[in-house]
Number of protein chains: 2
Amino acid sequence: MQERRVQILDAAAALIAERGFTSTSVDDVIRGAKLSGKSHFYHYFKSKEELGYEVLNRQFERFAERGLAILREPMIDPLERLSLFIDGVVALQAESGGRRGSPFGNLAAELADAHEGFRVRIEAVFERWASQIGSLLWEARPMLQDDVDAVRLSRFIIATLEGAVLMTRVKRDLTVLEGIAADLKRFIAMHVRDAEQTERRPW
Amino acid sequence: MQERRVQILDAAAALIAERGFTSTSVDDVIRGAKLSGKSHFYHYFKSKEELGYEVLNRQFERFAERGLAILREPMIDPLERLSLFIDGVVALQAESGGRRGSPFGNLAAELADAHEGFRVRIEAVFERWASQIGSLLWEARPMLQDDVDAVRLSRFIIATLEGAVLMTRVKRDLTVLEGIAADLKRFIAMHVRDAEQTERRPW
DNA sequence: GCAATGTAGGACCGTACGGTCCAACGCGCA
DNA sequence: TGCGCGTTGGACCGTACGGTCCTACATTGC
């Protein structure tokens with residue numbers, strides 16, 4: 001019953017990550033999920049659009065579990081967690097050999113202008129992501145300079161990571177992402193107190 | 001003669017920037033360029049794909065003239081030029097009200113995985129862009145710290161800008177881009193000699 | 001005057017898309 | 001045995017796509 005839904009969602013997620021939403025046809029999903037026919041698919045989802053929304057939600061939940069979770073580890077120093085999180089993004093990208101980009105960034109670029117329904121949902125995803133980093137930064141504020149704007153820094157981190165993943169995908173070269181991730185850490189380090197000392201230390 | 005080609009290319013560029021390459025049909029382009037019929041279009045371009053390649057090239061040439069040109073102004077201090085360039089990217093994005101993203105980033109996200117022909121051309125675009133910034137950085141090396149890696153810093157700048165434009169498009173909020181652009185300048189300032197003094201100065 | 005070239009208009013083709021409809025099947029339940 | 005119902009297979013629909021082909025007309029240069 002629900003099993004089949006999950007099967008469809010997984011197949012769709014893989015296809016959408018690979019070729020985008022528009023270029024993934026319902027028939028492709030049906031083949032990928034080994035369904036019998038179209039009515040079988042439409043028995044579980046009322047439209048392709050709705051499938052896309054659910055896939056996006058599931059992708060974020062997976063990302064929240066696998067990537068974002070480290071941000072909340074209570075036993076690790078907050079800034080250390082942030083560094084580990086960035087490493088995690090690099091590792092996640094390495095899994096696909098630098099080919100697949102961020103599922104959110106991909107959908108954003110593809111559909112932000114064309115499809116308002118997706119746009120608001122993707123916006124919500126980035127919002128939740130940013131608020132996770134934001135609250136970590138808030139937690140780390142004793143270690144940060146007084147004038148650090150947590151919201152703004154969160155956005156910078158996300159934008160840079162998304163951009164880096166995109167560049168990596170275009171160049172098919174993971175070292176691009178690794179370099180940018182390292183620089184991003186240095187930028188974050190720039191915001192901790194006593195920047196003169198910590199700036200160049202590999203925290 | 002060539003006039004019509006230009007007409008078609010302009011119409012196609014506008015449509016592709018707005019809805020992406022895949023979602024722009026040849027018929028849309030024909031309507032946009034006010035052509036009589038399909039054969040008229042195929043008289044000038046042998047395929048939609050080839051049209052896409054030419055549009056991409058033209059977009060980069062326009063960007064080289066309007067955006068990248070400032071990087072080569074000989075009468076301005078190199079780092080000042082870089083700052084002006086970043087302002088230019090923000091201004092360019094402001095023209096479309098933060099809606100349209102980077103034409104390269106959009107195509108990259110849409111086609112990098114699916115279409116190798118586009119991927120290599122987009123890669124070349126970013127390569128040329130990066131080399132422009134790289135040579136500016138090389139020119140500015142007396143003012144920079146010794147260990148600055150020009151190639152790497154160029155990539156960071158481009159990735160961050162592309163990511164910022166994408167986020168801006170998703171959020172429909174130009175202030176996102178403005179904030180990230182300002183932070184990016186601070187990151188660059190971090191690489192100039194005597195960073196303690198210049199770091200927080202709005203150069 | 002004639003040929004070549006660009007402009008125009010439209011019929012047409014095969015394919016693929018998202019989505020609908022319906023007939024047949026399997027299975028628990030009485 | 002017969003009934004109800006969720007599941008399955010697939011034919012089908014209207015539309016749109018990229019692309020081809022053919023005809024006709026206007027312009028230009030020889």
Side-chain angles (χ1 to χ4, degrees), chain A residues 1-58 106-107 110-111 113-119 121, chain B residues 1-58 106-107 110-111 113-119 121:
Chain A
M1 37 169 83
Q2 288 301 83
E3 237 178 81
R4 279 295 165 87
R5 271 185 78 88
V6 172
Q7 216 173 3
I8 296 172
L9 285 166
D10 286 342
L15 288 165
I16 291 172
E18 204 181 306
R19 4 213 266 219
F21 180 73
T22 308
S23 298
T24 297
S25 73
V26 174
D27 286 319
D28 290 336
V29 174
I30 286 167
R31 268 190 295 274
K34 294 185 167 53
L35 298 186
S36 55
K38 281 214 178 152
S39 58
H40 201 175
F41 171 84
Y42 281 98
H43 178 69
Y44 292 102
F45 298 91
K46 62 181 270 244
S47 69
K48 186 193 177 190
E49 198 178 60
E50 208 209 293
L51 168 73
Y53 294 160
E54 285 199 41
V55 166
L56 176 60
N57 273 337
R58 262 175 66 90
N106 289 355
L107 285 180
E110 185 186 350
L111 301 168
D113 288 331
H115 199 300
E116 183 67 9
F118 270 105
R119 206 214 98 230
R121 282 166 176 82
Chain B
M1 36 168 83
Q2 289 301 83
E3 238 178 80
R4 278 299 165 87
R5 271 185 77 88
V6 172
Q7 218 173 2
I8 296 172
L9 285 165
D10 285 341
L15 288 165
I16 292 172
E18 202 181 308
R19 4 212 266 217
F21 179 75
T22 308
S23 298
T24 298
S25 73
V26 175
D27 287 318
D28 290 336
V29 174
I30 287 166
R31 269 189 295 275
K34 293 184 167 52
L35 298 186
S36 55
K38 280 211 178 154
S39 58
H40 202 175
F41 172 84
Y42 282 99
H43 179 69
Y44 292 101
F45 297 91
K46 62 181 271 247
S47 69
K48 185 193 175 189
E49 198 178 59
E50 209 208 290
L51 169 73
Y53 293 160
E54 285 199 40
V55 166
L56 177 61
N57 273 337
R58 263 173 68 88
N106 288 356
L107 285 181
E110 185 186 350
L111 300 168
D113 288 330
H115 199 301
E116 183 67 9
F118 270 103
R119 206 214 96 229
R121 283 166 176 83

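Chain identifiers are assigned alphabetically (A, B, ...) following the order of the sequence lines, protein sequences preceding nucleic acid strands; residue numbering begins at 1 within each chain.
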B/S/- along nucleotides 23-29 of chain D (protein heavy atoms under 4.0 Å) is -------
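- Within residues 47-55 of chain B, no residue is approached by DNA chain C to less than 4.0 Å at the level of any non-hydrogen atom.
- Counting heavy atoms from C-beta outward, A:Leu51 and A:Val26 have side chains that stay 4.5 Å or more apart.
- When the C1' atom of C:dT20 is taken as reference, atom CZ of A:Phe45 falls 18 Å away, rounded to whole Å.
- Separating the CZ atom of A:Arg19 from the C1' atom of C:dC17 is a distance of 13 Å, rounded to the nearest angstrom.
- Taking the six-membered ring where the residue is Trp, A:His40 and A:Tyr44 present tilted rings, their angle falling between 30° and 60°.
- We find that NE2 of A:His43 is positioned 20 Å from P of C:dG18, with the value rounded to whole Å.
- Taken to the nearest 0.5 Å, the CG atom of A:Leu56 stands 8.5 Å off from the CZ atom of A:Arg121.
- Here the P atom of nucleotide C:dA8 and the CD1 atom of B:Ile8 are 11 Å apart, to the nearest Å.
- Rounded to an integer number of Å, the gap from B:Asp27 CG to D:dT15 P is 15 Å.
- Taking atom CZ of residue A:Phe21 and atom C1' of nucleotide C:dG18, one finds them 10 Å apart after rounding to whole Å.
- Taking both residues in full, the closest heavy atoms of A:Gly32 and A:Ala11 are given as C-CB, 3.8 Å, listed atom of the first, atom of the second, then distance.
- Expressed to the nearest 0.5 Å, how far CG of A:Asn106 lies from CD1 of A:Ile16 amounts to 11.0 Å.
- The two atoms that bring B:Glu110 and B:Phe21 nearest to each other are OE1-N, 3.0 Å, heavy atoms only.
- Note on B:Ser25: a side-chain N or O is less than 4.0 Å away from OP1 or OP2 of D:dC17.
- Residue A:Ile8 is tested with A:Ile30, A:Leu35, A:Val55 for a side-chain contact (heavy atoms from CB on, under 4.5 Å); the sole match is A:Leu35.
- Here the side chain of B:Val26 is nearest to one of D:dG18, C:dT20, D:dC17, namely D:dG18.
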Does the pair A:Arg119 and A:Asp113 meet the rule for a salt bridge (charged side-chain N to carboxylate O under 4.0 Å, His left out), with working shown?
CA-CA 7 Å; A:Arg119 206 214 98 230; A:Asp113 288 331; over 6 Å; no
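- The distance from the CZ atom of A:Phe118 to the CD atom of A:Glu49 is 6.5 Å, given to the nearest 0.5 Å.
- Rounded to a whole Å, the CZ atom of A:Arg5 is 12 Å from the P atom of D:dT7.
- Contacts of residues 30-40 of chain B with DNA chain D (heavy atom under 4.0 Å): B:Lys38, B:Ser39.
- When all heavy atoms of A:Ser23 and A:Asp28 are compared, the pair lying nearest together is O-OD2, 4.0 Å.
- At least one donor-acceptor pair closer than 3.5 Å links the side chain of A:Lys48 to the backbone N or O of A:Thr24.
- Counting any heavy atom pair closer than 4.0 Å across all strands shown, B:Thr24 reaches sugar-phosphate atoms only and no base atom.
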